[in-house]
Amino acid sequence: MKAIVLKQYGGIENLKLEEIEKPVQKDNEVLVKVISASINDWDWALLTGKPFVIRMLYGAFFKPKIKILGVDIAGKVVATGKAVTAFKPDDEVYGDLSECGFGGFAQYVCAEAKALTIKPSNMTFDQAAAIPHAAALTTQGLIDEGKIEKGQQVLINGAGGGVGTFGIQIAKLYQAKVTGVDSLDKQAMMKSMGYDETINYQSEDFTKNGKQYDLILDTKTNRSPFQYLKSLKSGGKYVTVGGHMSRLIQIVFLGPLIKLITGKQLKLLSLKPNKNSDYINELYSAGKIRPVIDGPYPLEKMPQALDYFGQGKHKGKIIISVGDEDNTLI
Ligand SMILES: NC(=O)c1ccc[n+]([C@@H]2O[C@H](COP(=O)([O-])OP(=O)(O)OC[C@H]3O[C@@H](n4cnc5c(N)ncnc54)[C@H](OP(=O)(O)O)[C@@H]3O)[C@@H](O)[C@H]2O)c1
């Protein structure tokens, strides 16, 4: 099979399209013919080996252990391991493989059955590949941790990326008034998606404009926790899904103390991959959410697409077309 193989930490010159052996599923795994995959922050971190903690997480300081990147996939079941009862050949599935070895940028991947969900028949493979990681971060950030309520004032920082483009759709289900913060390039797209107000972070600091919110969802934490407090109403919540490591550590350690003193909550979300996928399928089937897709780009252009992601130029989710339903390369 064809796959994009990571040779060394660094830049995209270390990603090579190669012919390698097709994997064989273990008893608890499903062999999936990948049709679409999407790019995530994990892929960028595993390519660059930064932040350094990513090397510790995967026990690979000098040479990457994860050879084939790709967290989010959508495709067709080819075969199932002996212990798998939930899937059968030809089922159309999608999922987040971050807890079972990655491997999405390849024609075939073995995924633990628990990482997969049946794809609604009206959802395209490209749409399905855009959903798992970003929609899970969004629903867990806004609903599970943020406990969003009807009519609240919500701010999403990083509003034009994967989480932000799902975030506006989820927040609007609660009739929230939503402010989106992102770069100048993304302002028009954010307005067209329904953000009530948009802020260009390159020219305005939302923590210094005097406005306050009931709930803030952040994908790019880069300030001290005390700065975010100024933007929260009394009893407000700030939930971050990612950002600078030192700032995230401050949120974890100072958050409980700050809550005790001010009543405002600052939390770091720990993603539970593939949780809420039934709810996300329901929302999709009811026409309430649609992924924003950048691409699709063919498998051989995945390194360039990952570079484009690293530069932050993408809007929504970057999709890689790995194969068609007969698995010829597109
Ligand atoms: N908590 C967990 O367990 C967990 C698990 C997996 C991933 N994550 C994290 O979740 C996040 C995923 O977010 P995503 O998929 O939405 O990422 P994304 O698609 O890269 O979107 C991030 C957006 O933020 C914008 N941005 C960059 N710098 C900014 C700044 N200083 N202020 C405001 N916006 C800024 C980017 O646009 P420009 O570049 O044009 O500015 C981009 O549109 C990542 O931080 C990832 O590390 C967390």
Side-chain angles (χ1 to χ4, degrees), residues 38-48 50-51 53-54 57-58 69 71-72 96-99 102 129-142 144-146 155-170 179-190 193 195 198-209 216-223 227-228 231 238-245 247-249 251-252 255 266-276 291-295 305-319:
S38 75
I39 289 181
N40 281 288
D41 209 54
W42 277 113
D43 301 313
W44 183 249
L46 285 165
L47 167 69
T48 56
K50 293 176 191 162
V53 70
I54 198 94
L57 274 178
Y58 291 97
L69 307 179
V71 175
D72 287 341
D96 171 340
L97 310 189
S98 58
E99 284 188 333
F102 297 72
I131 287 177
H133 214 61
L137 284 166
T138 310
T139 51
Q140 289 170 39
L142 286 178
D144 300 352
E145 289 291 342
L155 178 138
I156 300 179
N157 192 39
V163 168
T165 50
F166 281 109
I168 176 65
Q169 301 180 67
I170 302 282
T179 299
V181 184
D182 211 305
S183 56
L184 178 64
D185 266 11
K186 293 172 185 165
Q187 303 289 307
M189 187 264 284
M190 283 151 56
M193 289 206 69
Y195 277 99
T198 63
I199 295 175
N200 168 7
Y201 75 83
Q202 294 155 316
S203 58
E204 182 179 344
D205 180 340
F206 77 86
T207 63
K208 290 187 178 156
N209 64 10
I216 296 175
L217 179 66
D218 202 345
T219 68
K220 291 280 170 191
T221 298
N222 60 1
R223 299 171 174 90
Q227 237 171 305
Y228 295 115
S231 302
Y238 170 90
V239 180
T240 174
V241 300
H244 290 203
M245 196 55 70
R247 296 305 192 188
L248 299 178
I249 292 170
I251 300 271
V252 170
L266 302 177
K267 297 178 180 180
L268 167 65
L269 177 85
S270 177
L271 176 70
K272 296 174 188 71
N274 303 301
K275 185 176 171 246
N276 303 347
V292 173
I293 287 178
D294 191 328
L306 184 51
D307 198 37
Y308 167 73
F309 175 90
Q311 293 172 44
K313 291 183 178 162
H314 62 292
K315 295 189 176 89
K317 295 290 301 174
I318 300 177
I319 296 295

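The structure presented is a predicted model; accordingly, all values stated were derived computationally and were not measured. Just so you know, ligand 1 is whichever comes first in the structure, and atom 1 is the first atom listed for that ligand. We use all heavy atoms of the structure for the numbers below, so side chains are in, but hydrogens, waters and symmetry mates are not.
Between Lys317 and ligand 1, no N or O atom pair is found at a separation short of 3.5 Å. Checked against a 3.5 angstrom limit, the closest N/O atoms of Ser183 and ligand 1 fall inside it. Close N/O approach between Val241 and ligand 1 is found [any backbone or side-chain N/O within under 3.5 Å]. Ligand 1 has a nitrogen or oxygen under 3.5 angstrom from a nitrogen or oxygen of Leu269. Remark: ligand 1 and Trp42 share no N or O pair separated by less than 3.5 Å (distance only, no angle test). Ligand 1 has no nitrogen or oxygen under 3.5 angstrom from a nitrogen or oxygen of Gly160. At least one N or O atom of Gly312, backbone or side chain, sits closer than 3.5 Å to an N or O atom of ligand 1. In terms of polar-atom proximity, defined here as any N/O pair under 3.5 Å, Leu271 does make such a contact with ligand 1. When only interatomic distances are considered, the shortest N/O to N/O separation between Phe309 and ligand 1 does not fall below 3.5 Å.
Not a single heavy atom of Lys315 sits less than 4.0 Å from an atom of ligand 1. Look at Ser270 and you'll find a heavy atom under 4.0 Å from some atom of ligand 1.
Taking all heavy atoms of Lys186, Lys272, Gln202, His244 into account, the minimum distance to atom 38 (P) of ligand 1 is reached by Lys186. Residue nearest to atom 31 (N) of ligand 1, selected from Leu184, Leu217, Asn222: Asn222 (by heavy-atom distance). Nearest residue to atom 12 (C) of ligand 1 from Asp96, Leu137, Val239 is Leu137 (criterion: closest heavy atom).
Atom 16 (O) of ligand 1 has as its closest protein heavy atom Val163 N, 2.8 Å. In terms of protein heavy atoms, atom 17 (O) of ligand 1 is closest to Gly162 N, 4.4 Å. The protein heavy atom nearest to atom 18 (P) of ligand 1 is His314 NE2, 3.5 Å. Atom 41 (O) of ligand 1 has Tyr201 OH, 2.5 Å as its closest protein atom, hydrogens excluded (heavy atom only). Closest to atom 7 (C) of ligand 1 among all protein heavy atoms lies His133 NE2, 3.7 Å. When only non-hydrogen protein atoms are considered, atom 47 (O) of ligand 1 lies nearest to Asp41 OD2, 2.7 Å. Among all non-hydrogen protein atoms, the one lying nearest atom 24 (O) of ligand 1 is Gly158 CA, 3.2 Å. Of the protein's non-hydrogen atoms, the one nearest atom 45 (O) of ligand 1 is Thr219 O, 3.0 Å.
Near Asp182, with a cut-off below 4.0 Å to any heavy atom, the atoms of ligand 1 are 23 (C), 24 (O), 25 (C), 36 (C), 37 (O), 38 (P), 40 (O), 41 (O), 42 (C), 43 (O). Heavy-atom contacts of Gly242 reach the following atoms of ligand 1: 45 (O) (cutoff under 4.0 Å).
The minimum heavy-atom distance linking Ile156 with Gly164 is given by the pair CG2-CA, 4.0 Å. Between Gly162 and Thr165, the shortest heavy-atom distance links the atoms O-OG1, 3.1 Å. What you find for Ile293 and Ala130 is that their closest heavy atoms are CG1-CB, 4.4 Å.
With sequence neighbours excluded, the residues forming a salt bridge (Lys or Arg N to Asp or Glu O under 4.0 Å) with Lys208 are Asp205, listed by chain and number. For Leu248, the side-chain contact (heavy atoms from CB on, under 4.5 Å) test picks out Thr221, Thr240, Leu268, with sequence neighbours left out.
Within the 4.5 Å cutoff, the side chain of Phe206 has heavy atoms near those of the Arg223 side chain. For the pair Asp43 and Phe309, the minimum side-chain heavy-atom distance is 4.5 Å or more. By the 4.5 Å heavy-atom criterion applied to side chains, Asp72 and Asp96 are counted as neighbours. Using a 4.5 Å heavy-atom cutoff, the side chains of Leu271 and His133 are in contact. Taking 4.5 Å as the limit, some side-chain heavy atom of Ser231 sits within range of a side-chain heavy atom of Ile216. Side-chain contact check for Trp42 versus Leu69: every heavy-atom pair is 4.5 Å or farther apart.
His244 and Asn222 share no side-chain donor-acceptor pair at under 3.5 Å. Looking at Asn40 and Lys317, their side chains do bring a donor and an acceptor atom within 3.5 Å of each other. Judged by distance alone, the side chains of Asp307 and Gln311 do bring a donor and an acceptor atom under 3.5 Å apart.
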